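As the structure is a prediction and not an experimental result, all values here were calculated from the model. In what follows, every chain begins at residue 1, and chains take the letters A, B, ... in the order their sequences are listed.
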Number of protein chains: 2
Amino acid sequence: MAAAQAAKARIRQAAEGRILHAAAELFADTGSAGTTVGQVAARAGMSAATVHYYFRSKAILYEAVLSDVLRRWLHEIEQIDERQPPEDAIAAYVRAKMHVSYAHPAASRIVAQEMLRGGSRMRRFLSVDLLPLLDRKLRLIEGWSRSGLLRPVDGRHLFFLIWAGTEFYANFSVEAAAVLGVSELTEAEMRRAADSVVDLVLNGLQPRPG
Amino acid sequence: MAAAQAAKARIRQAAEGRILHAAAELFADTGSAGTTVGQVAARAGMSAATVHYYFRSKAILYEAVLSDVLRRWLHEIEQIDERQPPEDAIAAYVRAKMHVSYAHPAASRIVAQEMLRGGSRMRRFLSVDLLPLLDRKLRLIEGWSRSGLLRPVDGRHLFFLIWAGTEFYANFSVEAAAVLGVSELTEAEMRRAADSVVDLVLNGLQPRPG
DNA sequence: GTCTATAACAAGATAGAC
DNA sequence: GTCTATCTTGTTATAGAC
C-alpha cells in the first residue's frame, strides 16, 4: 500500500532527523570518540538499539552528521556576491559566516574537530566540492587586486584569516566570553565581533596617512 | 644513599618525559577520548602498566600534558615587546606565534581540543594566568590607539584574530596544505603565511588613498 | 621500576520478542 | 519499528612476580 509506505518513510525521516540532531550536538561537545551511542539514544529519546537500527554503526552515524554539516559549510562560501564592490562583498561574507557560526555553533565545532584529526573523512569533499568553488572566488579576489580595488594580497591566506577569525567565536566561545567579560556570547556580542573582524580585515591597524 | 636516590629521580624524569611526549602527540592527533593508555605505552616504548605506575589514571596524564602545553602558550604572549613601535611589536608577535605553531603543532592542537570541549580544565588558567597578563597587553594596545599610532580598535578582538589566524595553520595544516597545493606545510610556507597575516592585520585590504 | 596476567567495567553491536 | 537482553570486544586499572 502506497499510504503505508509513505507513513513508514515519514517515521524513518523523523527518527533519523532526531538522531542526527542529537548526535551533532554531542559530537560537537565531546567528539565522536567521546560520545557513546547510548548518549545519542538518550538525547534522541529512544533506545540504543533503535539508533543502531537506523545507523548500522557509530562510524556511519558520524559520517552522516559530518556530511550534513559540510553541505551547509559549502553553501556559505557561495555567498560572496561577485557583483558588489569588493569591500561590501567581503564585509557581507564575513557577517554571513559569523551569523552561521552563531546560529549553528555545533556545525562549526564538528568540522573543526574533524580537521584537527587530519580530515581524512573530508578529503573528497575538499578536492571535489570546496577547491573548485574556492578557485572561482580566488580569481575574483585576484581580479579585484589587479584592478586596484584591493591591495595585492594572497586570496588563499585571506580566506584562511576570515575562516579562522569568524569560526573562532563559535569554536572557542567559552574563552572568548571569558576574555570579553560576559557569561555567554549573545547575538549582539557576535555582531560586535563581526564588526571588528570586518574592520580589521578591510582597514588593518595602521592609521591612514592624511 | 643519596646517589641511588638521584639515579631513581633521573629514571623517573626520563620515563615521565617519554610518556608525556608520546601522550601529547597522540592526544593532539586523536584527542584524549580517542587515545588509549596502551597506545601511549607503545609509543613511549613501555607497557601500559608502567604508564599507570607514573600516572595513576589517564585523566591525570591528560591534565599533566595540558598543563605543560598551557605553560608554553602563556609564555608566548609575553613576547609582545612594549618598547618597540607598535607595528614592529605586533609583527614580531605574529611571527613568534606562527613559529611556535610550526615548531610545536601538537601543543596548539591540544589546546584547541580542550577549548572546543568548553575548556573546563583550564578555567583557572584563563582567569588566574592569562587574563591579568592579557589586560596588560590590552592597555598597551589601547595606549597606542589613543596616541594615534594605531587606528582605534578593540584589542580583545585583535588578539582573537591574531590567535585564530596563526593557530589555523597548526590546527588545520592538512586543509591549509590542500588549498595551497602542497603536500605539507614547510617552514618556508609558514613564513609566507606569517607574512600574509602580518600584512593583512597591519594594512588590511583597502588600497591606500594616494 | 617494569613486566605479564587478569580483574572489572564500559561500549558497540546484534538477536529476538513484541 | 522499537524495545530488552545479551554477546563480544576493547579499555582502564590493579595485583603480584621478577
Side-chain angles (χ1 to χ4, degrees), chain A residues 1-66 110 113-114 117 121, chain B residues 1-66 113 117 121:
Chain A
M1 241 166 216
Q5 289 290 332
K8 277 206 175 179
R10 263 198 310 280
I11 288 175
R12 163 167 281 272
Q13 240 187 342
E16 285 183 356
R18 271 189 303 154
I19 294 168
L20 286 168
H21 188 255
E25 291 190 340
L26 286 162
F27 288 164
D29 280 351
T30 52
S32 166
T35 303
T36 70
V37 176
Q39 289 173 312
V40 174
R43 185 175 285 221
M46 60 185 70
S47 75
T50 303
V51 172
H52 273 108
Y53 172 77
Y54 286 106
F55 298 92
R56 220 193 309 287
S57 70
K58 194 171 88 164
I60 288 172
L61 172 58
Y62 176 74
E63 305 246 357
V65 168
L66 184 63
I110 289 167
Q113 289 182 69
E114 175 60 26
R117 272 158 197 59
R121 274 157 298 204
Chain B
M1 237 161 216
Q5 290 289 333
K8 277 207 174 178
R10 263 198 310 280
I11 288 176
R12 163 167 282 272
Q13 242 188 340
E16 285 183 357
R18 271 189 304 154
I19 294 168
L20 287 169
H21 189 255
E25 292 190 339
L26 285 162
F27 288 163
D29 279 352
T30 53
S32 167
T35 303
T36 71
V37 176
Q39 289 173 313
V40 174
R43 185 174 286 219
M46 60 185 69
S47 75
T50 303
V51 172
H52 272 108
Y53 172 78
Y54 285 106
F55 298 92
R56 220 193 307 289
S57 70
K58 192 170 89 164
I60 288 174
L61 172 58
Y62 175 74
E63 306 247 356
V65 168
L66 184 62
Q113 288 182 70
R117 274 160 197 57
R121 275 157 296 201

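- Here the nucleotide nearest the side chain of Ser57(A), chosen from dT2(D), dT12(D), dA13(C), is dA13(C).
- Atom C1' of nucleotide dA13(D) and atom CG of Leu61(B) are separated by 14 Å, given to the nearest angstrom.
- Contact check for Tyr62(A) versus Thr35(A): no side-chain heavy atoms found under the 4.5 Å cut-off.
- Within the 4.0 Å cut-off from OP1 or OP2 of dC3(D), at least one side-chain nitrogen or oxygen of Thr50(A) is found.
- Judged by distance alone, with hydrogens and angles left aside, the side-chain atoms of Gln113(A) form a donor-acceptor pair with the main-chain N or O of Phe27(A) at under 3.5 Å.
- Ranking dC3(D), dG12(C), dG1(D) by closeness to the Arg12(A) side chain, first place goes to dG1(D).
- A straight line from CG of Leu26(A) to C1' of dA11(C) spans 15 Å, rounded to a whole angstrom.
- Other residues, nucleotides and ligands contribute more than 12 heavy atoms inside 6.0 Å of the NE2 atom of His52(B).
- The shortest distance between the side-chain N/O atoms of Arg56(A) and the OP1/OP2 oxygens of dA13(C) is not below 4.0 Å.
- Taking every side-chain heavy atom of Lys58(A) into account, dG12(C) is the closest of dA13(D), dC3(C), dG12(C).
- Closest to the Ala15(B) side chain, of the nucleotides dC3(D), dC3(C), dT2(C), is dT2(C).
- Glu16(B) has its CD atom 15 Å from the C1' atom of dT2(C), to the nearest Å.
- No side-chain donor-acceptor contact under 3.5 Å links Glu16(A) to the backbone of Tyr54(A).
- Following rounding to the nearest Å, Tyr53(B) (OH) and dC3(C) (C1') show an atom-to-atom distance of 13 Å.
- We find that OH of Tyr62(A) is positioned 21 Å from C1' of dA13(C), with the value rounded to whole Å.
- When side chains are defined from C-beta on, Met46(A) counts as touching Ile19(A), because their heavy atoms get closer than 4.5 Å.
- Closest contact between the side chain of Val37(A) and the listed nucleotides dT4(C), dT4(D), dG12(C) involves dG12(C).
- Backbone-only engagement by Thr36(A) is indicated by non-hydrogen atom pairs under 4.0 Å involving sugar-phosphate atoms exclusively.
- Listed candidates were dC3(C), dT2(C), dC3(D). Nearest to the side chain of Tyr54(B) is dT2(C).
- When rounded to the nearest whole Å, the span between CZ of Phe55(A) and C1' of dG1(D) equals 14 Å.
- Regarding Gln39(B), its CD atom lies at a distance of 13 Å from the P atom of dG10(D), rounded to whole Å.
- Rounding to whole angstrom units, NE2 of residue His52(B) and P of dA7(C) are separated by 17 Å.
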